[in-house]
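Just below is one structure, and these are the notes that go with it.
Order of the sequence lines sets the chain letters (A, B, ...), proteins ahead of strands, with each chain counted from 1.
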Protein chains: 2
Amino acid sequence: MAEDMLTQALQQLKDHKIRVTPQRQIILTYLVTHHNHPSVETIYQALESQLPNLSLATVYNTLKLFVDLGIVIELQNGDAGTHYDFFGRPHYHVVCENCGKITDVFEPDLSGIDTTAARLSGYLVTGHNMEVYGLCPECQAKLGIHHKSELQRLNLSHTE
Amino acid sequence: MAEDMLTQALQQLKDHKIRVTPQRQIILTYLVTHHNHPSVETIYQALESQLPNLSLATVYNTLKLFVDLGIVIELQNGDAGTHYDFFGRPHYHVVCENCGKITDVFEPDLSGIDTTAARLSGYLVTGHNMEVYGLCPECQAKLGIHHKSELQRLNLSHTE
DNA sequence: GTCATTGCAAACCTTTTGCACGAAT
DNA sequence: ATTCGTGCAAAAGGTTTGCAATGAC
């Protein structure tokens with residue numbers, strides 16, 4: 001199943017006449033098998049043992065390529081860098097505003113959005129990205145917050 | 001109406017015991033009266049004539065403050081920097097993948113998203129951000145594209 | 001053999017920070 | 001008077017680029 005996704009994604013590269021280099025295969029494999037929404041740095045560190053001379057620039061270039069092909073999507077969670085996620089099955093993300101954790105939510109009901117947006121905007125719509133913000137269960141417990149009304153206690157503001 | 005929004009936003013600053021400085025008022029006014037999704041640089045250039053010694057750092061700090069307060073939201077459109085939008089009324093955005101234009105769409109049906117996401121993820125949900133991607137009417141005309149199937153002609157890829 | 005891709009390091013550019021001055025409460 | 005906010009310039013940090021060498025097709 002994960003292998004199907006990998007094969008399918010590799011086929012997309014071939015279809016676009018993009019060379020299948022070891023770097024691309026290994027990065028793609030990492031993304032297909034890890035759903036931890038890694039940053040560029042995370043991917044780089046995880047793979048440099050397998051690929052001793054791997055360059056950070058190559059990781060950047062490869063991810064950009066995958067994003068352009070629609071294989072992978074970019075995410076921001078409030079920290080400095082960009083995070084990446086293999087987009088084999090449509091889903092959206094819930095981001096913890098306290099710790100930055102990103103959780104996948106598989107929820108098919110967003111399909112109507114594109115047609116609605118197209119109708120209202122006149123755009124030729126190709127896709128969408130939904131991000132939900134909140135406090136993850138762990139941070140709720142850690143901070144002792146169980147209801148929205150308590151959130152103002154948190155100073156999730158510029159003084160962080 | 002725009003003045004109401006401004007007054008209301010200024011009141012939020014006071015409520016949070018945040019000082020109402022000329023810089024903050026002017027930047028806020030700019031955002032309330034301009035719906036062109038400006039970048040930091042755009043705001044800075046628009047206001048430096050009114051406020052001769054305005055510092056870019058102040059624009060950054062102020063926008064960050066407004067975002068933390070929920071008065072303003074951040075947007076990315078594919079170019080280098082971040083864009084800002086006064087969030088007086090809930091809406092989402094459609095972004096042109098060709099020219100970067102951002103269009104507002106006022107569509108109330110996304111309210112159920114938060115509860116669904118909360119149920120499925122266990123998060124205490126505070127909000128969401130929806131971004132739709134596509135080709136704006138102008139770029140459709142310019143590129144002679146009127147159907148999704150023609151999009152592959154575009155190489156909106158890393159070779160841009 | 002050709003041409004895309006890689007690795008490396010330097011360059012880039014947006015954003016942040018430190019500090020002294022000035023202003024709001 | 002005190003504390004917060006501003007301006008300036010320098011620094012930081014993520015990302016991109018130029019170029020020679022390498023490797024996929």
Side-chain angles (χ1 to χ4, degrees), chain A residues 10-28 30 37-45 47-69 72 74-84 100 155 157-160, chain B residues 10-28 30 37-45 47-69 72 74-84 100 155 157-160:
Chain A
L10 287 173
Q11 189 56 47
Q12 280 194 63
L13 294 186
K14 287 169 193 159
D15 291 348
H16 287 260
K17 302 211 195 317
I18 291 166
R19 292 183 184 170
V20 178
T21 64
Q23 288 85 346
R24 286 173 179 163
Q25 286 194 57
I26 287 173
I27 293 171
L28 195 46
Y30 180 88
H37 312 95
S39 64
V40 173
E41 198 60 41
T42 303
I43 296 170
Y44 176 67
Q45 286 174 14
L47 300 182
E48 59 178 345
S49 58
Q50 298 178 44
L51 221 71
N53 288 337
L54 178 64
S55 164
L56 245 193
T58 299
V59 180
Y60 275 104
N61 289 334
T62 304
L63 289 170
K64 190 177 186 182
L65 174 66
F66 292 166
V67 169
D68 288 339
L69 290 172
V72 159
E74 292 184 335
L75 304 169
Q76 312 288 337
N77 73 340
D79 70 15
T82 302
H83 296 253
Y84 294 86
N155 208 354
S157 80
H158 62 127
T159 45
E160 40 197 292
Chain B
L10 287 173
Q11 190 54 49
Q12 279 194 63
L13 294 186
K14 288 169 192 157
D15 291 348
H16 287 261
K17 303 209 193 322
I18 291 167
R19 292 181 185 171
V20 178
T21 64
Q23 289 85 346
R24 287 173 180 164
Q25 285 194 58
I26 287 173
I27 293 172
L28 195 46
Y30 180 88
H37 312 96
S39 64
V40 173
E41 198 60 42
T42 302
I43 297 170
Y44 176 67
Q45 286 174 14
L47 300 181
E48 60 179 344
S49 57
Q50 298 180 43
L51 221 71
N53 288 337
L54 178 63
S55 162
L56 245 194
T58 298
V59 180
Y60 275 103
N61 289 335
T62 304
L63 289 170
K64 191 177 185 180
L65 173 67
F66 292 167
V67 169
D68 289 338
L69 290 173
V72 159
E74 293 185 334
L75 304 168
Q76 312 289 336
N77 72 340
D79 69 15
T82 303
H83 297 253
Y84 294 86
N155 208 353
S157 80
H158 60 129
T159 44
E160 39 196 292

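Look at CG on B:Leu47: it is 11 Å from P on D:dG7, rounded to the nearest Å. Atom P of nucleotide C:dT25 and atom CG of B:Leu13 are separated by 11 Å, given to the nearest angstrom. Rounded to an integer number of Å, the gap from OH of B:Tyr44 to P of D:dT6 is 14 Å. One interatomic measurement links the two molecules: CD of B:Gln25 to C1' of C:dA23, which rounds to 14 Å at whole-angstrom precision. At whole-Å resolution of the value, CG in A:Leu65 and C1' in C:dT6 are 13 Å apart. To the nearest angstrom, C1' of D:dC8 lies 15 Å from CD of B:Glu48. Rounded to an integer number of Å, the gap from A:Leu63 CG to D:dT16 C1' is 14 Å. One interatomic measurement links the two molecules: NE2 of A:His83 to C1' of D:dT15, which rounds to 15 Å at whole-angstrom precision.
Side-chain proximity of A:Thr62 to the nucleotides C:dT6, C:dT14, D:dG5 is greatest for C:dT6. When the nucleotides D:dT3, C:dT6, D:dT17 are ranked by their closest atom to the side chain of A:Thr58, C:dT6 comes out on top. Relative to the side chain of B:Leu56, the nucleotides C:dT15, D:dC4, C:dC8 differ in distance, and C:dT15 lies closest. The side chain of A:Asn53 approaches C:dG7 more closely than any other nucleotide in the set C:dG7, D:dG5, D:dC8.
Taking side-chain N and O atoms only, A:Thr82 has no distance below 4.0 Å to OP1 or OP2 of D:dG14. At D:dT6, one or more side-chain N or O atoms of B:Thr21 fall inside 4.0 Å of OP1 or OP2 (strictly under the cut-off). Phosphate contact (OP1/OP2 of D:dA24, side-chain N/O of A:Arg24, threshold under 4.0 Å): absent. Distances shorter than 4.0 Å separate none of the side-chain N or O atoms of B:Arg19 from OP1 or OP2 on D:dT6. Contact annotation: A:Asn61 side-chain N/O to D:dT16 OP1/OP2 distance is not under 4.0 Å. Note on B:Tyr60: every side-chain N or O is 4.0 Å or more away from OP1 and OP2 of C:dT16.
Contact annotation for B:Gln23: backbone-only contact, meaning every heavy-atom pair under 4.0 Å involves sugar-phosphate atoms and none involves a base. At the heavy-atom level, A:Ala57 lies under 4.0 Å from base atoms of the strands shown.
Remark: the backbone N or O of A:Leu54 is not paired with any side-chain donor or acceptor of A:Thr58 at under 3.5 angstrom.
Listed by chain and number, the residues in a ring-ring contact (aromatic ring centres under 6.0 Å, His included) with A:Tyr30 are A:His34 (sequence neighbours excluded). When the ring-ring contact (aromatic ring centres under 6.0 Å, His included) test is applied to A:His37, the partners found at least two apart in sequence or on another chain are A:His93.
A distance of 4.5 Å separates CG of B:Leu51 from CD1 of B:Ile26, quoted to the nearest 0.5 Å. Separation of atoms CG (A:Leu13) and CG (A:Leu28) is listed at 6.5 Å; rounding is to 0.5 Å.
Heavy-atom nearest nucleotides on DNA chain C were determined for B:Glu41 and for A:Ser55, and the one closer to the 5' end corresponds to A:Ser55. Comparing A:Val20 and B:Pro22, the nucleotide of DNA chain D nearest to each residue sits closer to the 5' end for B:Pro22.
Exactly one residue among B:Val72, B:Ile27, B:Ile18 makes a side chain to side chain contact (heavy atoms under 4.5 Å, CB included) with B:Leu65. That residue is B:Ile18.
In the helix from C:dG1-D:dC25 to C:dT25-D:dA1, the rotation axis of the first five pairs and that of the last five pairs differ in direction by 50°, rounded to 10 degrees.
Counting heavy atoms from C-beta on, the side chains of A:Glu41 and A:Leu56 come closer than 4.5 Å. Between B:Thr82 and B:Leu63 there is no side-chain heavy-atom pair separated by less than 4.5 Å.
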